[in-house]
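The next block holds one structure in the form of structure tokens; read it before the comments.
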Protein chains: 2
Amino acid sequence: MPAPQRVTAASLAAAARTIAESSGIDAVTISAVAAVVGVRPPSLYKHVGHRHDVLRLIADDAARELGDDVTALVGTSSDPRIVLAGIAHAVRAFSARSPRAAGLLFSAPSPEAGPTSEGMAPLIGSLLDAVRRTAPGDPLPAARTLTAWVYGFCTMEQAGAFQLGGDVDEAFEFGLNTLVDALTRVGLPGRASIAARSTESGSEYPQ
Amino acid sequence: MPAPQRVTAASLAAAARTIAESSGIDAVTISAVAAVVGVRPPSLYKHVGHRHDVLRLIADDAARELGDDVTALVGTSSDPRIVLAGIAHAVRAFSARSPRAAGLLFSAPSPEAGPTSEGMAPLIGSLLDAVRRTAPGDPLPAARTLTAWVYGFCTMEQAGAFQLGGDVDEAFEFGLNTLVDALTRVGLPGRASIAARSTESGSEYPQ
DNA sequence: ACCTGAACACCGTTCAAGT
DNA sequence: ACCTGAACACCGTTCAAGT
């Protein structure tokens, strides 16, 4: 009779994520995770090939969880701009409650530690969906603009980068309103003017 | 006669940054840095207290370099919007040429590995300056919005997060124009409407 | 099939000893 | 004043051996 399975992918992910949130990504060692799931370090290599696979389990778990949150919001209001705002708030809430997992989600220390593209698919799909209903034209640049801002804001906030005082909540609302508002205006006069002028003045990447 | 100084802060920073860019942050070990500066590992502890101080040297060096780039751009054009666009391009160019140092700049793995606030001061000062000349009202939320977007975009780009195809350069220009344009419109009708409506509908952080 | 102890090559860090 | 070898407690990872 073979030994009963003591370690599952789900228990591994849960253990790793708990350690990550309470003690940081560096504390997610093979030894620490093994101890939490009640097994000796070498046994983990029956389930993962390398330590970064453990981090990837966290990232994919986070992608699934946030993907669920975001998907649940799509179609929640008849005004797509409210949906978009709700999504941004959901991302920020997730980042506040699971900052380490959130960090792994968009900027893992190495590509191998980041989420699978299959893991990210539902999240990205729902996001593109919401953007498509809000902004005219190609949703991809618009979605990238919104995603980059939300991700950047939350990461900087969690990293403690906003040191100059002021109300950080207010800055989030300001940025959100500015962006959502601008994205619905695409195509109106005034846009694309800077690109044209700065291209005139020389190279594309001034430094 | 005491032994001549073989290690300076500048040589340490340069060695660490070279290793970081060529082999990743994880490769910036005390041993590796010591080998590059031509000394045994324990000797480094005469100059830094911990490994994260070495990472901080990289972060502060990056802050200084990007700060110089950005400061040189302020006042470069009579149109402040062009200055802002130039700054965004400078950040992206820096992130492309020094992705690991750039990562340390805004989202270090731990606060101790991040830049000093003194190191960040010139960069942040110039950025606020440029925003103040462009956007009406409080420059802080506007600067945070722009910074979060640029940082998020560059980090995601370097992490290979833009996997859905499309032109990433175009997405950058799109986001930049959208944001700079929106920031100069602050106060016009249409803004702040979402916040008001989404506050109506319940909690501030829906999830 | 899964788990284990022992072993290997590496870390970061400390410290007494050298010049 | 700076550098060093030796040492410590830790990693990640491999592998032959157990059940």
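Model, not experiment: these values are computed from the prediction. A, B, ... follow the sequence lines: proteins, then strands. Residue 1 opens every chain.
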Exercise. Rounded to whole angstrom units, what separation is found between the CG atom of B:Leu44 and the P atom of C:dC15?
Worked result: 17 Å
For this session: Rounded to the nearest angstrom, tell me the gap between atom NZ in A:Lys46 and atom P in D:dT14.
Result: 12 Å
Exercise. In Å, rounded to the nearest 0.5 Å, how long is the span from OG1 of A:Thr145 to CG of A:Leu183?
Worked result: 6.5 Å
Exercise. Would a 4.5 Å heavy-atom cut-off, applied to side chains only, mark B:Val83 and B:Ile87 as touching?
Worked result: yes
Seminar exercise, completed: Here DNA chain D, pairs taken as Watson-Crick or G-U under 3.5 Å and shown with ( ), [ ] when crossing and | when to another strand, reads ||.|||||...|||||.||
Seminar exercise, completed: Going 5' to 3' through nucleotides 5-12 of chain D and flagging B where a protein heavy-atom sits under 4.0 Å of the base, S where only the sugar-phosphate is that close, and - otherwise, we get BB----SS
For this session: Could you walk me through whether B:Phe153 and A:Tyr151 pass the side chain to side chain contact (heavy atoms under 4.5 Å, CB included) test, one step at a time?
Result: CA-CA 9 Å; B:Phe153 192 98; A:Tyr151 158 67; over 6 Å; no
Problem set entry | The single option from B:Arg97, B:Arg92, B:Arg64 passing salt bridge (charged side-chain N to carboxylate O under 4.0 Å, His left out) against B:Asp69 | B:Arg97
Exercise. Taking OP1 and OP2 of C:dT4, is either one under 4.0 Å from a side-chain nitrogen or oxygen of A:Ser43?
Worked result: yes
Exercise. About how many Å separate CD of B:Gln163 and CD1 of A:Ile124, when rounded to the nearest 0.5 Å?
Worked result: 8.0 Å
For this session: Kindly compute the distance separating NE2 (B:His50) from CG (B:Leu44), expressed to the nearest 0.5 Å.
Result: 13.5 Å
Problem set entry | Distance-only side-chain donor-acceptor flag, B:Ser110 / B:Glu112, under 3.5 Å | yes
Problem set entry | Within residues 9-19 of chain B or reaching into it, pairs that qualify as salt bridge (Lys or Arg N to Asp or Glu O under 4.0 Å) - sequence neighbours excluded | B:Arg17-B:Asp61, B:Arg17-B:Glu65
